[in-house]
Amino acid sequence: MPFRIATWNINSVRLRIDLVARFLKDWSPDVLCLQETKCPQGQFPSGPLHELGYRHVAERGQKGYHGVAIVSRLPLADVESRNFCGKDDCRHIAATVATPSSRVEIHNFYVPAGGDEPDPEANEKFAHKLDFLKELVAWSGSGARAKNRHRILVGDLNVAPLEHDVWSHRDLLKVVSHTPVETDLLGRVLAAGKWTDVMRQHVPADRKLYTWWSYRAKDWAQSDRGRRLDHVWSSAGLAGRSSGIEVVREARSWPRASDHVPVIAGFSAQV
DNA sequence: ATGGTGGTCCTACCA
């Protein structure tokens with residue numbers, strides 16, 4: 001039995017719970033990781049998802065900002081979350097999922113966006129983003145993560161690392177999300193954890209690949225000025241069993257859409 | 001070159 005996991009920055013789960021239900025109904029991943037739930041802990045709208053067979057929800061939420069959650073058909077064990085940069089921001093939640101034939105440790109992240117000005121001296125939000133990524137390098141390389149077990153890291157990492165992860169490499173080199181200091185750091189996170197970029201395993205690096213389109217475009221699809229801010233990474237053993245990915249671009253056209261679309265990754269039987 | 005849209009929750013802040 002294949003295992004399919006999805007990630008989606010929903011930009012308010014309470015406002016868009018009907019879109020979440022539509023997605024789960026029509027794409028039926030085993031696990032869905034959400035970011036920017038913007039929903040206080042304990043107020044996650046799990047009812048409609050239970051009805052669709054997603055009986056397991058692990059959430060870490062706060063009022064107004066951030067917030068992450070894992071929604072699953074399969075039982076979730078060892079739920080935990082970590083604070084980064086000494087803040088209580090809800091930007092990480094982890095759980096272990098028992099697939100039909102194995103166990104997979106899942107990490108769901110919402111990396112700080114970083115504000116507008118890509119200068120850590122002038123912009124404390126950008127400084128926070130860089131600090132967060134540096135802490136992720138250390139976390140990724142730590143012994144706890146190096147064990148020989150199946151691991152998946154997903155989320156809105158707010159960095160588009162490759163040239164063709166943005167609509168114009170040249171124009172975006174000075175735009176937060178694609179500056180060299182950010183893309184270098186994300187590369188260090190990937191290397192430190194021996195992660196595989198599962199999306200790029202299936203889509204060659206010279207092909208454009210986006211998961212986010214700004215709300216500010218007159219016509220997002222016509223201008224198609226997107227970025228790949230959302231990611232699916234896996235440990236090496238799992239990467240070898242990765243069967244494909246899907247970017248659900250049509251979700252950007254749904255009524256009251258999020259500015260991010262879901263990404264689904266599949267892994268074959270022996271997982 | 002600038003401002004464009006959308007979320008939270010009521011006033012500005014964040015994306």
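Predicted model only: the values in this text are computed from it and were never measured. Here is the naming used below: chain letters follow the sequence lines, and residue numbers restart at 1 for every chain.
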- From dC14(B), dA15(B), dG6(B), nucleotide with atom closest to Tyr65(A) side chain: dC14(B)

- Task: Rounded to the nearest angstrom, tell me the gap between atom CD in Gln35(A) and atom C1' in dG7(B).
- Result: 16 Å

- Query: What do the steps show when you test Asp171(A) against Arg225(A) for salt bridge (Lys or Arg N to Asp or Glu O under 4.0 Å), and what is the final call?
  - Reply: CA-CA 11 Å; Asp171(A) 289 343; Arg225(A) 294 184 167 188; over 6 Å; no

- Please give, in whole Å, the distance from dG4(B) C1' to Asp116(A) CG? 13 Å

- Message: Can you see if the side chain of Arg14(A) gets near the phosphate of dG7(B) - specifically, an N or O under 4.0 Å from OP1 or OP2?
- Response: no

- Let me see the working for Asp89(A) and Arg91(A) under salt bridge (Lys or Arg N to Asp or Glu O under 4.0 Å), right down to the final yes or no. CA-CA 6 Å; Asp89(A) 292 355; Arg91(A) 296 184 178 277; 3.3 Å; yes

- Task: Indicate, with a heavy-atom threshold strictly under 4.0 Å, whether Arg16(A) touches base, sugar-phosphate, or nothing.
- Result: sugar-phosphate

- Item | Whichever of His66(A) and Arg256(A) has its nearest DNA chain B nucleotide further upstream toward 5' | Arg256(A)

- Query: Whole Å only: how far is the CZ atom of Arg91(A) from the P atom of dC14(B)?
  - Reply: 11 Å

- Atom CG of Asn158(A) and atom P of dC14(B): how far apart are they, to the nearest Å? 14 Å

- Query: Distance between the C1' atoms of dC14(B) and dC10(B), in whole angstroms?
  - Reply: 15 Å

- Task: Report which part of the nucleic acid Lys125(A) touches: base, sugar-phosphate, or nothing (heavy-atom distance under 4.0 Å, all strands).
- Result: sugar-phosphate

- Query: What interatomic distance, in whole Å, is found between C1' of dC9(B) and the corresponding atom of dA15(B)?
  - Reply: 16 Å

- Per side-chain contact (heavy atoms from CB on, under 4.5 Å), Tyr110(A) is matched among His66(A), His92(A), Arg60(A) by His66(A)

- Task: Name the closest nucleotide to the Lys63(A) side chain, picking from dC9(B), dA15(B), dT8(B).
- Result: dC9(B)

- Message: Any side-chain N or O of Ser214(A) below 4.0 angstrom from OP1/OP2 of dG4(B)?
- Response: no

- Please walk me through it: do Arg103(A) and Asp78(A) pass salt bridge (Lys or Arg N to Asp or Glu O under 4.0 Å)? CA-CA 11 Å; Arg103(A) 290 161 69 80; Asp78(A) 303 328; 3.7 Å; yes

- Item | Residue closer to the 5' end of DNA chain B, Lys38(A) versus His260(A) (nearest nucleotide) | Lys38(A)

- Task: Figure out the CZ/C1' separation between Arg252(A) and dA15(B), and round it to whole Å.
- Result: 13 Å

- Item | Spacing between Asp259(A) atom CG and dC14(B) atom C1', to the nearest angstrom | 12 Å

- Message: Between the side chains of Asp224(A) and Arg252(A), is the shortest nitrogen-to-carboxylate-oxygen separation below 4.0 Å, so that they form an ion pair?
- Response: no

